[in-house]
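Heads up: the structure comes next, in structure tokens.
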Amino acid sequence: MTRLGTPPTPELLDPAERLSRGQLRELQLRRLREMLAYTYTNVPAYRERFDQAGVRPEDCRELSDLARFPLTGKDDLRAQYPFGMLAVPRERLRRLHASSGSTGAPTVVGYTDGDLDTWSGAVARCIRAAGGRPGDLLHNAYGYGLFTGGLGLHYGAERLGCTVVPASGGMTSRQVRLIQDFRPDVITATPSYLLTLIDEFEKQGLDPRASSLRIGILGAEPWTAEMREEIEERLGIHAVDIYGLSELMGPGVGQECVETKDGLHLWEDLFLPEIVDPLTGEVLPDGEEGELVLTSLVREAMPVIRYRTRDLTRLLPGTARPAFRRMGRITGRTDDLIILRGVNLYPTQIEELLLRIPVLAPHFQLRLTREGRLDRLTVRVEARPDAGREQREAAAEALVRAVRDGIGVGVGVEVVDPETLERSVGKIRRIVDER
Ligand code: DLL
């Protein structure tokens with residue numbers, strides 16, 4: 001494994017990263033109370049919702065009082081499309097981003113100068129926690145555009161003092177060339193796109209492990225510990241997880257520290273996390289798995305109170321940054337839940353199982369079909385390049401067994417030739433629903 005950067009000395013950290021847990025909680029309460037009042041005054045849609053629920057900003061006297069306020073869903077934001085959630089006049093926005101809108105009206109996110117500043121600061125903090133340092137060369141392969149990944153990482157890296165290569169997603173063979181020629185230290189990409197890049201290195205006859213890269217900052221989609229191992233092994237880097245969502249800002253809500261690699265520290269001076277039961281909305285204690293709900297604590301253009309992320313995880317105590325709680329790896333999104341003959345399963349569970357079978361490559365798709373009244377799931381997965389027919393058959397059987405024993409449901413497995421499944425250039429779509 002490549003050398004691990006030394007942990008940042010205290011003077012390298014942001015003032016907020018040096019707070020004690022007690023000081024951080026005081027800061028959170030002050031900011032939360034201000035944020036509730038600001039939102040109530042400036043966003044009519046929130047004022048109505050608070051009034052309907054019979055709560056006023058001044059009812060929040062301690063952090064746990066937040067549970068009295070209504071939850072906000074994606075539909076609440078969509079209902080205000082495009083600018084109804086803004087707390088400032090449109091002229092004060094410096095930038096707009098939007099979610100893809102593949103499942104309805106897109107959600108629009110606006111940023112003031114102040115918001116862009118907060119965002120760059122948060123992302124700079126992430127890159128540093130991942131082991132990046134001023135002066136590093138950073139190859140940014142997140143997509144540029146309305147998606148927050150490209151520009152979010154870009155300005156955060158500049159803020160930290162890195163040299164940024166704004167590669168964006170796609171044109172993969174050229175990206176390999178740029179990496180060979182510019183010799184970056186850090187790469188930022190979705191894990192699925194980084195795999196595409198690693199494959200391209202090999203296709204060009206290059207050894208990915210011989211590249212200059214030391215660190216990968218990977219996120220925007222669910223990935224497993226097994227996928228981390230695959231990427232670290234093949235590229236010879238430290239791969240760490242970054243989390244965020246456009247509704248709250250973009251990338252930079254949470255980051256895994258390279259020295260511990262034990263889940264993502266949430267920057268709780270900027271975002272207040274809660275975990276709720278996805279069905280009842282009831283707040284769950286730390287350690288229990290449920291849906292992550294986030295409240296912005298520092299935001300001008302578009303404050304969000306108790307936003308339901310649909311992401312499933314749990315809250316854990318801080319480690320490398322002791323004051324900040326961590327969240328476990330996201331196990332899945334409630335939207336990606338597959339219910340197969342009564343059994344719940346997420347694509348990450350399949351990823352975990354198939355990567356333990358050496359003949360299978362980390363490229364897979366889950367195809368849902370219906371036969372009569374029965375739903376059927378077929379895992380289409382590529383074989384590793386050198387696998388023979390018998391090995392493939394044995395691997396398919398092994399995966400069927402692993403899913404039956406591990407998840408408790410029968411699936412079909414089709415092991416396909418290398419390079420037959422569509423490659424990711426950004427966020428990968430694992431589920432193909434043909435029902
Ligand atoms: O994906 C922001 C981002 C860009 C994060 C680059 C990290 C790196 P959205 O397009 O709004 O924003 O999608 C947000 O992506 O609710 C999760 O479901 C998923 N997601 C993001 N990061 C992770 C992660 C960006 N590390 C949605 N692990 C979120 C698992 C993630 N899922």
Side-chain angles (χ1 to χ4, degrees), residues 72-74 77-78 96-104 106-109 111 119 122-123 125-127 129-130 138 140-157 166-169 186-194 216-225 227-228 231 239-257 261 263-267 271 273 278 291-294 302 304 307-314 326-337 346-349 351-352 424-431:
T72 307
K74 202 174 179 71
L77 303 191
R78 282 201 183 120
L96 285 165
H97 280 283
S99 73
S100 66
S102 51
T103 52
T107 358
V108 175
V109 195
Y111 306 78
W119 189 11
V123 173
R125 217 190 263 180
C126 290
I127 300 171
L138 183 146
N140 185 18
Y142 284 114
Y144 281 65
L146 286 173
F147 174 54
T148 52
L151 289 169
L153 262 299
H154 183 102
Y155 287 104
S168 197
V186 182
I187 185 158
T188 51
T190 59
S192 60
Y193 186 58
L194 188 52
I217 305 179
L218 316 180
E221 64 191 15
W223 56 306
T224 58
M227 186 67 96
R228 184 205 315 263
I231 289 172
V240 283
D241 204 354
I242 183 168
Y243 173 78
L245 62 166
S246 24
E247 291 83 353
L248 265 294
M249 181 175 85
V253 174
Q255 173 66 46
E256 189 166 48
C257 292
K261 290 191 192 163
L264 303 96
H265 281 85
L266 291 162
W267 303 129
F271 311 95
E291 179 178 352
L292 178 68
V293 166
L294 291 168
M302 205 181 116
V304 194
Y307 184 70
R308 298 187 70 146
T309 63
R310 305 183 185 185
D311 295 324
L312 298 172
T313 183
R314 61 204 173 107
R326 286 166 303 143
M327 65 172 190
R329 221 174 240 293
I330 305 273
T331 46
R333 286 177 64 77
T334 50
D335 314 15
D336 284 348
L337 172 67
Y346 288 98
T348 48
Q349 290 171 280
E351 178 176 302
E352 199 177 305
S424 158
V425 286
K427 270 185 205 272
I428 192 143
R429 196 167 63 107
R430 292 283 183 210
I431 302 174

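Whatever order the structure lists them in is the order used to number ligands and atoms, beginning at 1.
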- Query: What do you reckon, does Arg310 put a non-hydrogen atom under 4.0 Å from ligand 1?
  - Reply: no
- Run the contact test for Pro222 against ligand 1 with a 4.0 Å cut-off on heavy atoms, strictly below, and give the result. yes
Return the [atom1] to [atom2] distance between [X] and [Y], rounded to the nearest 0.5 Å.
| X | Y | atom1 | atom2 | result |
| --- | --- | --- | --- | --- |
| Ser424 | Arg430 | OG | CZ | 8.0 Å |
| Tyr346 | Ile330 | OH | CD1 | 11.0 Å |
| Leu292 | Leu294 | CG | CG | 4.0 Å |

I'd like to check which ligand 1 atoms, numbered from 1 as shown, lie under 4.0 Å from a non-hydrogen atom of [X].
| X | value |
| --- | --- |
| Thr148 | 2 (C), 12 (O) |
| Gly149 | 4 (C), 6 (C) |
| Ile330 | 28 (N), 30 (C) |
| Ser246 | 9 (P), 11 (O), 12 (O) |
| Gly219 | 7 (C), 8 (C), 26 (N) |
| Pro251 | 2 (C), 3 (C), 4 (C), 5 (C), 6 (C), 7 (C), 8 (C) |
| Asp311 | 16 (O), 17 (C), 18 (O), 29 (C) |

- Message: Can you confirm, on distance only, whether ligand 1 has an N/O atom lying under 3.5 Å from any N/O atom belonging to Tyr142?
- Response: no
- Message: Is there a polar contact, in the sense of an N or O pair closer than 3.5 Å, between Arg333 and ligand 1?
- Response: yes
- Among Leu194, Thr188, Val123, find the one that has a side-chain contact (heavy atoms from CB on, under 4.5 Å) with Ile217. Thr188
- Query: Do Ser99 and Ser246 get their side chains close enough for a donor-acceptor pair, meaning under 3.5 Å?
  - Reply: no
- Going by distance alone, is a donor N or O of one side chain under 3.5 Å from an acceptor N or O of the other, for Thr334 and Glu291? no
- Message: Which residue and atom name correspond to the protein heavy atom nearest atom 25 (C) of ligand 1, and how close is it?
- Response: Gly244 O, 3.6 Å
- Between Lys427, Glu247, Glu221, flag the one that comes closest to atom 15 (O) of ligand 1 by a heavy atom. Lys427
- Message: I'd like the name of whichever of Gly254, Ala220, Gly332, Gly250 reaches closest to atom 22 (N) of ligand 1 through any heavy atom.
- Response: Ala220
- Quick note, salt bridge (Lys or Arg N to Asp or Glu O under 4.0 Å) partners involving residues 240-252, not counting sequence neighbours, are Lys74-Glu247, Asp241-Arg329
- Checking Glu221 side chain against Ile428 main chain: does a donor-acceptor pair fall under 3.5 Å? yes
- Under 4.0 Å from ligand 1, counting heavy atoms only, is it the side chain of Leu245, its backbone, both or neither? both
- Query: Does ligand 1 have a heavy atom under 4.0 Å from the side chain of Ile242, from its backbone, from both, or from neither?
  - Reply: both
- Does a sphere of radius 6.0 Å around CZ in Arg314 hold more than 12 heavy atoms from other residues, nucleotides or ligands, not counting ones at 6.0 Å or beyond? no
- Query: Listed by chain and number, what are the side-chain hydrogen bond (donor to acceptor under 3.5 Å, both in side chains) partners of Thr331, not counting sequence neighbours?
  - Reply: Glu289
